[in-house]
Amino acid sequence: MTTVILVLLCLAIAGRELYLASDKRLPRAQAELRELRAQLAELARRHESLQADVAEVAAPGIPIPQPEPAPDVLDRFDALHDRVEALEKTVGELTEDLGGLDADRDAQRALARSLDAVERDVHELRREMLDRLDRDEGVVGGLLLSEEGEAEALLTDAYEGCASEYGLRVRVRDPRADGGWLGTAYHLSGMRPDALAEELFSYARGVYAPDDPSALGALLTELAQLRGDGVARFGPFTAVRTRSALLCGLLPDDDTEPWELAARIRELPEDRRCDLTSLRADD
């Protein structure tokens, strides 16, 4: 009977050890199983010793009753049995948790695929909307950036106020980051880009004081007050704040990096650029 118990416990613990070895997140359980194996090995050794003693004293033909295991051996078997049951329960709980994690991963992957599909659909719908608006009333690409997002809320209010004053509606806002520059990329409807840019540029050339009452004047003044650099664009119309100047010009509405815009404005003919550095507070 003792041998059967030993064999069954060894098989049970060996199976648990193989199962747990596949998951490195259960080092405590693995260590406990190693301890149990050592104790079982000691019990097996003592059992074999008892059997050898019985064999030595047994006379041929005289049946010798099988001795009962010593009380301390039985106690240790009971303790081992309790510990194995507790460990099996812990392993079962951990296995359920791991199964839940696998299910979560599957759900996350499915959700990611769904979000990708939704993002593609939204992008296509946005493109269709902008194409239709461009045919009907015109769409202007806009950009508002400042270094590290300086005065972002004030700039946004001034920029969107300027758009509203010129009859533009904000259709799309996309967060934008270019190096240390932070802000928003816009799509606005209501005017053709070239016509809007010419109108803004003509007005900007006449702005001479920070207290200009127009919405464009307020936007240029906010740019001028920045400590760092900033950019505001409505289609080709571009206003750039650098640490030494505030410049406006008519540039192609392309993907030029914001830190290159000031140099490009300086290369424009005089009738396509103007210097508004006088609006800066330190001048």
Side-chain angles (χ1 to χ4, degrees), residues 109-146 149 152-179 181-205 214-220 222-223 229-241 247-265 267-269 271-274:
R109 284 191 288 268
L111 179 60
R113 289 193 296 270
S114 298
L115 289 176
D116 288 341
V118 170
E119 187 175 352
R120 288 193 299 271
D121 291 343
V122 169
H123 180 75
E124 291 175 3
L125 290 172
R126 176 188 291 180
R127 187 71 266 162
E128 290 178 6
M129 176 193 72
L130 293 175
D131 288 344
R132 185 179 296 112
L133 287 169
D134 194 29
R135 290 192 300 270
D136 295 343
E137 55 186 272
V139 171
V140 177
L143 182 63
L144 182 65
L145 297 173
S146 61
E152 183 174 5
L154 293 173
L155 286 172
T156 298
D157 287 345
Y159 183 93
E160 296 186 5
C162 181
S164 178
E165 186 172 276
Y166 282 82
L168 300 173
R169 291 184 60 188
V170 176
R171 297 293 184 173
V172 177
R173 296 180 183 87
D174 283 323
R176 175 82 177 266
D178 286 289
W181 299 62
L182 301 174
T184 306
Y186 289 88
H187 284 90
L188 311 110
S189 68
M191 286 189 70
R192 304 294 172 185
D194 290 340
L196 173 65
E198 291 286 352
E199 190 170 341
L200 290 169
F201 181 67
S202 295
Y203 191 93
R205 298 184 73 174
S214 70
L216 177 57
L219 174 59
L220 294 173
E222 289 296 343
L223 279 174
D229 295 352
V231 171
R233 301 195 74 177
F234 289 94
F237 175 79
T238 305
V240 181
R241 164 71 158 93
L247 306 173
C248 290
L250 295 175
L251 292 172
D253 188 10
D254 54 22
D255 293 328
T256 302
E257 299 293 350
W259 50 86
E260 298 175 346
L261 291 172
R264 291 194 58 191
I265 289 177
E267 295 171 355
L268 292 171
D271 63 345
R272 309 290 287 176
R273 59 181 168 87
C274 63

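These figures come from a predicted structure and were not determined experimentally. Atoms considered below: every heavy atom in the structure, side chains included; atoms not considered: hydrogens, waters and symmetry mates.
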Review point. What is the distance from atom CZ of Phe237 to atom OH of Tyr166, rounded to the nearest 0.5 Å?
Key: 8.5 Å

**Study point:** Contact summary for Pro236 and Pro193, nearest pair of heavy atoms
**Key:** CD-O, 3.7 Å

Exercise for review: Might you point out which heavy atoms bring Ala262 and Val240 nearest each other, and give the distance in Å?
Suggested key: CB-CG1, 3.9 Å

Point to revise | Gap between atom CG of Leu219 and atom CG of Asp157 - 0.5 Å precision | key: 11.0 Å

Check your understanding: Can you tell if the side chain of Arg272 reaches within under 4.5 Å of the side chain of Cys248, non-hydrogen atoms only?
Key -> no

Study note, to complete from the structure: Looking only at heavy atoms, the pair that brings Gly249 and Ile265 closest together is N-CD1, 4.0 Å

Check your understanding: Between CZ of Phe201 and CG of Leu196, what distance do you get to the nearest 0.5 Å?
Key -> 13.5 Å

Check your understanding: Closest approach of Arg205 and Asp271, non-hydrogen atoms and distance?
Key -> NH1-O, 3.7 Å

Study note, to complete from the structure: Of all heavy-atom pairs linking Val140 and Met191, the shortest is CG2-O, 3.3 Å

Which pairs would a plain distance check flag for residues 169-176, meaning a side-chain donor or acceptor within less than 3.5 Å of a matching protein atom at least two apart in sequence or in another chain?
residue : atom : partner : partner atom : Å
Arg171  : NE   : Ser189  : OG           : 2.7
Arg171  : NH2  : Ser189  : OG           : 3.4
Arg173  : NE   : Glu160  : OE2          : 2.9
Arg173  : NH2  : Glu160  : OE1          : 3.1
Arg173  : NH2  : Glu160  : OE2          : 3.4
Asp174  : OD1  : Arg126  : NH1          : 3.4
Asp174  : OD2  : Arg126  : NH1          : 3.1
Arg176  : NE   : Asp178  : OD2          : 2.6
Arg176  : NH2  : Asp178  : OD2          : 3.1

Point to revise | Where Glu222 and Ala158 come nearest, the two heavy atoms and their spacing | key: CG-CB, 4.1 Å

Point to revise | Audit row: Leu144, Thr156, side chain to side chain contact (heavy atoms under 4.5 Å, CB included) steps and yes/no | key: CA-CA 8 Å; Leu144 182 65; Thr156 298; 4.0 Å; yes

Point to revise | Evaluation steps, side chain to side chain contact (heavy atoms under 4.5 Å, CB included), between Ser146 and Leu155 | key: CA-CA 9 Å; Ser146 61; Leu155 286 172; 3.9 Å; yes

Exercise for review: Working to the nearest 0.5 Å, report the span between CD of Glu199 and CG of Asp194.
Suggested key: 13.0 Å

Point to revise | N-O pairing of Asp131 and Arg127 below 4.0 Å | key: yes

Revision key, fill the gap. Distance col, row Arg233:CZ vs Leu145:CG, nearest 0.5 angstrom, shows 10.0 Å

Check your understanding: Nearest 0.5 Å, what's the CG-CG distance between Leu247 and Leu223?
Key -> 11.0 Å

Point to revise | Close aromatic pair by centroid cut-off 6.0 Å: Tyr186 and Phe234 | key: no

Exercise for review: Carefully, step by step, assess Asp229 and Val231 under the rule side chain to side chain contact (heavy atoms under 4.5 Å, CB included).
Suggested key: CA-CA 7 Å; Asp229 295 352; Val231 171; over 6 Å; no

Review point. Is there side-chain contact between Cys162 and Leu216, with heavy atoms separated by less than 4.5 Å?
Key: yes

Exercise for review: Verify side chain to side chain contact (heavy atoms under 4.5 Å, CB included) between Leu268 and Leu251, making sure each step is shown before the conclusion.
Suggested key: CA-CA 8 Å; Leu268 292 171; Leu251 292 172; 3.7 Å; yes

